Amino acid sequence: MCDVCLTKYQAKKRGVTVRPLVFSQLNDRVQIDLIDFQSRPDGDFKFILNYQDHVTKFVVLRPLKQKTAAEVAHLFTWLGCPSVLQSDNGREFCNSIINSLRELYPDLKIVHGSPRHSQSQGSVENANKQVQRILETELLERRTTRWVTLLPFVQLKENTAYHEAIKMSPYEAVFGRSMKTGLGSTLPPTLVPSLGTLRTEEQLVQLLESIQVPEPAPSSARPSTPEPAPSSARPSTPEPAPSTPDSIPSPAGV
């Protein structure tokens, strides 16, 4: 091959395959989004912050007065800071949040996630639709326009509902059990009718002490299954008695 052909020839470059980071713990990868309620403000509140954990799908909803990074950053003062923060509201908005978090935590190491990441694409969008659907239902049933007071109930319904992606509810994924609903989910069903008159813990202790729980019988007192009799002890069929003639014939000639 001549020099001219060599300069024209270009070897095909192989693309570099970037493997996505796999996270398996709570608050490793977080996606946040803002739901615009400026057309239906509740006092000074005009936005809903939707925080969703990538692994457990756990959702946190907070009302916001302004679309500022400083106000969003306060959410992480009690949740902690994730390793990867993703937001579909724009890289500049997400970077502003990260800068606000670094003012609170100077040694913070956090990166901005890709807005089209395959692991979380569409997850928060679906959660936003579900939150708005539940919120609209609650507003109609309660006949009110104060959506700020209903956000905790919407958050509870979203976190206790079965999630197809994780095959359980987000609440179970975070706490390891289904949500408790007071004493009714702890005590036996037979005691539930008696709980209506209880007001103090002392009354609960008296109720539990008054219950007589039968102790299991010891193993030696349990009736044993009778063993089958050995073959030698089994009753045998009686044999017929030999027949005896009524008269014995005399010898011939006698």
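Everything numeric in this text was worked out from a predicted model, so none of it was measured.
- In this structure, OG1 in T56 is found 9.5 Å from CZ in F175, a value given to the nearest 0.5 Å.
- For N27 (side chain) and G80 (main-chain N/O), a donor-acceptor pair under 3.5 Å exists by modelled atom type.
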Criterion side chain to side chain contact (heavy atoms under 4.5 Å, CB included) on M179 and L156, from CA distance to verdict: CA-CA 10 Å; M179 190 187 70; L156 181 64; 3.2 Å; yes

Working for side chain to side chain contact (heavy atoms under 4.5 Å, CB included), residues T137 and K157: CA-CA 12 Å; T137 302; K157 286 188 176 183; over 6 Å; no

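- To the nearest 0.5 Å, the span separating CD on E164 from CG on N126 amounts to 12.5 Å.
- Atom-to-atom distance recorded for S83:OG and Q25:CD is 9.0 Å, nearest 0.5 angstrom.
- Remark: E201 engages no residue in a side-chain hydrogen bond (donor to acceptor under 3.5 Å, both in side chains) (not counting sequence neighbours).
- The distance from atom CG of D53 to atom CG of D28, rounded to the nearest 0.5 Å, is 8.0 Å.
- Of all heavy-atom pairs spanning A127 and Q52, the tightest one is CB-NE2, 3.8 Å.
- Linking ILVMFWY side-chain heavy atoms closer than 4.5 Å, directly or via other members, places V148 and L49 in two distinct hydrophobic clusters.
- The hydrophobic cluster analysis finds Y162 isolated: no Ile, Leu, Val, Met, Phe, Trp or Tyr side chain comes under 4.5 Å of it, directly or through other members.
- Among L64, D36, L34, L135, the one residue that satisfies the side-chain contact (heavy atoms from CB on, under 4.5 Å) test with I48 is L135.
- Closest of all the heavy-atom pairs between N159 and S169 is O-CB, 3.6 Å.
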Pair Q66-F47, side chain to side chain contact (heavy atoms under 4.5 Å, CB included): steps then yes or no: CA-CA 7 Å; Q66 298 177 357; F47 300 93; 5.6 Å; no

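- Pairing each heavy atom of V154 with each of V131, the nearest pair is CG1-O, 3.9 Å.
- Under the 4.5 Å side-chain criterion, counting only non-hydrogen atoms from C-beta, E172 is not in contact with H163.
- In this structure, CD on Q206 lies 7.0 Å from CD on Q203, to the nearest 0.5 angstrom.
- The ring pair (Phe, Tyr, Trp, His ring centres under 6.0 Å) search around F37 returns W147, not counting sequence neighbours.
- For CZ of F153, the number of neighbouring non-hydrogen atoms (other residues, nucleotides, ligands) closer than 6.0 Å is 12 at most.
- The nearest pair of heavy atoms linking P170 to A161 is CD-O, 3.3 Å.
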Audit row: N50, I32, side chain to side chain contact (heavy atoms under 4.5 Å, CB included) steps and yes/no: CA-CA 6 Å; N50 187 2; I32 60 174; over 6 Å; no

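- Residue L151 holds its CG atom at 6.0 Å from CG of L61, rounded to the nearest 0.5 Å.
- With a 4.5 Å cut-off on side-chain heavy atoms, Q155 and V60 count as touching.
- Neither V59 nor V84 shares a network with the other; the hydrophobic side chains, linked directly or stepwise wherever heavy atoms of I, L, V, M, F, W or Y lie under 4.5 Å apart, form separate groups for each.
- Linking ILVMFWY residues whenever their side-chain heavy atoms come closer than 4.5 Å, directly or via other members, places V30 and Y171 in the same cluster.
- No more than 12 heavy atoms of other residues, nucleotides or ligands sit less than 6.0 Å from atom CZ of R146.
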